[in-house]
There are 2 protein chains.
Amino acid sequence: MSQVTAPQDGAAVLDAEEIEQISRAAWYYYNDGLTQNQIADMLGVSRIKVSRLLEKGRQSGLIELRINSPHQGSMALQEELIAAFGLADARVVPAAPVGTAGAARIGRAAASLLMQHLVPNDLLAIGWGDATSTTLRYMAPVFPQSNISLVSLTGGVSAYIGTTGLYGPQGFAHLIPTPLRVSSPELAEMLRLEPYVRHVLDMALTAKLAMIGVGSVARSATLVRYGYCTATEIELFTRRGAVGDILGYFYDRDGQILDLEVHRHVVAVTPQDMRQIPSVVAAAAGPEKVEAILGLLRGRLANILVTDEPTARDLLRRI
Amino acid sequence: MSQVTAPQDGAAVLDAEEIEQISRAAWYYYNDGLTQNQIADMLGVSRIKVSRLLEKGRQSGLIELRINSPHQGSMALQEELIAAFGLADARVVPAAPVGTAGAARIGRAAASLLMQHLVPNDLLAIGWGDATSTTLRYMAPVFPQSNISLVSLTGGVSAYIGTTGLYGPQGFAHLIPTPLRVSSPELAEMLRLEPYVRHVLDMALTAKLAMIGVGSVARSATLVRYGYCTATEIELFTRRGAVGDILGYFYDRDGQILDLEVHRHVVAVTPQDMRQIPSVVAAAAGPEKVEAILGLLRGRLANILVTDEPTARDLLRRI
DNA sequence: ATTTGCATGGAACAAATGATCGGTAGCAGA
DNA sequence: TCTGCTACCGATCATTTGTTCCATGCAAAT
């Protein structure tokens, strides 16, 4: 089983003092319009340092840009998506510049959306995937102080949570301590019945908000890259009608979960159970995901969508 | 009666198309880190135009920079204020750089706070003063699309609402169409009983959120500058124990409303009635306001405070 | 004691940004 | 029609910003 390597740069861990310094610099810079030199004088550090502080603040998600327009997003597309698919909310980010990684952009938008919905002491359920991972990266600096807890919907999440290093001692995160997929149905069943696993699975269903990624059925799918599936298996599922997956479960173009052997190997909340969660945020973008998102929305497997502009247009074109 | 002149630059009025363009540019610039040149190419406009779009977005409050730390503000001072005065919330902005106008900074922070509390179709009650005025400036672009309505707590507000030009035809704003202070108690009483005035006064009390400024008793008080009081009167009130005013009513160091003749000339909701509003946000900063804020907080005339760092320290020093 | 790693500060440079200026197009009124 | 008047637009230029390379200092590890 291939290990999950830290995707890009490790999420910076910020201590309270640094957060204070960044906040201060950010205020002076963005709200007061001072130059970095002036700020450096006021803070008693070098101009370079101010530049680095601001950079770190932006990278870590501590400094967030919010655009205030209809429902705090923009683009008429959002309204169309909401109307067309009966969603509770949607967020559409502008088209990706050129060859930039989509997941990071979507993740940022999703983080912003989640933070607007979350209140202190909330519980956030999280699924599996690139988009989920990057979303957490941007939210990480906020959690500790807001008393927001995490709970995983699937196994295999611990890998990329661990890398943030934020959830060490206090344990704000309740993770299913298993892989996403195990080698036999019997083992999967045993794990699901394991008290702590069961406890986490139950807890996940009490969350008010869930955030999941959407997997496509491509040879380069994240599931394949991480070694949970082989390209051959994906091929097979496709012939059975699969257009995408959530939480490791594959579904067809109408969002119906397929009856596949592999599902019996998965340690995760089922999409059926997940309907108990009032708000399920799906984040995904890219031409290869269009079919998967369509199925997801047709099957009402999620009611909030975060995507980008071209993907939104594609979705609307195919009703 | 001196007219209210447009304080600084008139609030820019943005049409839907421009908002779209600004949103898009802002995303590419702040979230994707593209240069203005690249954005210009993508949008098909000149680089300088992008620069101006971004500038306009920041000025108008459409682009908001949010700093995520404890309860989306920063500074341990906030917690101390909340604890010391039994507040529902507080926001402390860093010390003002040098001789910059405090009201604008506080206004921006207040706008950010209000936008986080408001949901579409809410009603926001507003008082009188510089801070209130600048706060509205930053919120103006957001209102029309969010279906947020305004209602004034006092007379004399229409002057600076009118300047934004935003509330022309649709009438999202319900303003008391009188001056703050009139020349005789009889006239004030007649106006208060006037059906429409009465209607607005009643409506104001149904708001969930109110935003007020805090007046100091200085020769340079805003009330004096705008001609509603003479410096001599202020002098007199001070000798009677006044430390500040809200909505045109003066109170003493314990927040008790004084029994002054001038109060009978005021057309406004009374501080007593305002207690019906669950969240009252007071925004003020500066050494000359410290006594006024202290009285306000002691008398529980507001339960949310927006101020700056030196003021917060002063407040805490004097318990 | 030495080494190693890391955060910081400084200098210098290239890139990006914002401000100023003049030009042009619309537009109201004489 | 002409004359201001305003708003927008683009070019130029000074300032600001980010980056690179190197030196320094501190602290943990050897």
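Quick caveat: nothing in here was measured; it's all calculated off a predicted structure. Naming: A, B, ... by sequence-line order, numbering from 1 per chain.
Shown here are the salt bridge (charged side-chain N to carboxylate O under 4.0 Å, His left out) partners of A/Asp32, two or more places apart in sequence or in another chain: B/Arg105. Scanning for salt bridge (charged side-chain N to carboxylate O under 4.0 Å, His left out) contacts around A/Arg58 gives A/Glu55, with sequence neighbours left out. Annotation: salt bridge (charged side-chain N to carboxylate O under 4.0 Å, His left out) contacts of A/Arg313 (sequence neighbours excluded): A/Glu309. With sequence neighbours left out, the salt bridge (charged side-chain N to carboxylate O under 4.0 Å, His left out) criterion links A/Asp41 to no other residue.
Using a 4.5 Å heavy-atom threshold, the side chains of B/Leu136 and B/Leu150 count as touching.
In the model, A/Ser133 has no side-chain atom that pairs as donor or acceptor with a side-chain atom of A/Asp130 under 3.5 Å. Between the side chains of B/Asp314 and B/Thr311, no donor-acceptor pair is found at a separation under 3.5 Å.
As rounded to whole Å, 13 Å separates atom C1' of C/dG18 from atom CG of B/Asn37. Spacing between atom CG of B/Leu53 and atom P of C/dT17 amounts to 14 Å, rounded to whole angstrom units. Spacing between atom CD of B/Gln38 and atom C1' of C/dA16 amounts to 11 Å, rounded to whole angstrom units.
In this model, the phosphate group of C/dT17 is approached by a side-chain N or O of B/Tyr29 to a distance below 4.0 Å at OP1 or OP2. Listed pair B/Ser51 / C/dT17 fails the phosphate criterion, with no side-chain N or O lying under 4.0 Å from OP1 or OP2.
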Within the 4.0 Å limit for protein heavy atoms, which parts of nucleotides 5-15 of chain C are touched? Write it as a string from 5' to 3', B for base, S for sugar-phosphate only, - for none. ---SBSBB---
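Note that the CG atom of B/Asp122 and the NE2 atom of B/His117 stand 11.0 Å from one another [nearest 0.5 Å].
Close approach of DNA chain D to chain B, defined as any atom under 4.0 Å from a non-hydrogen atom of the protein, starts and stops at D/dC9 to D/dG10.
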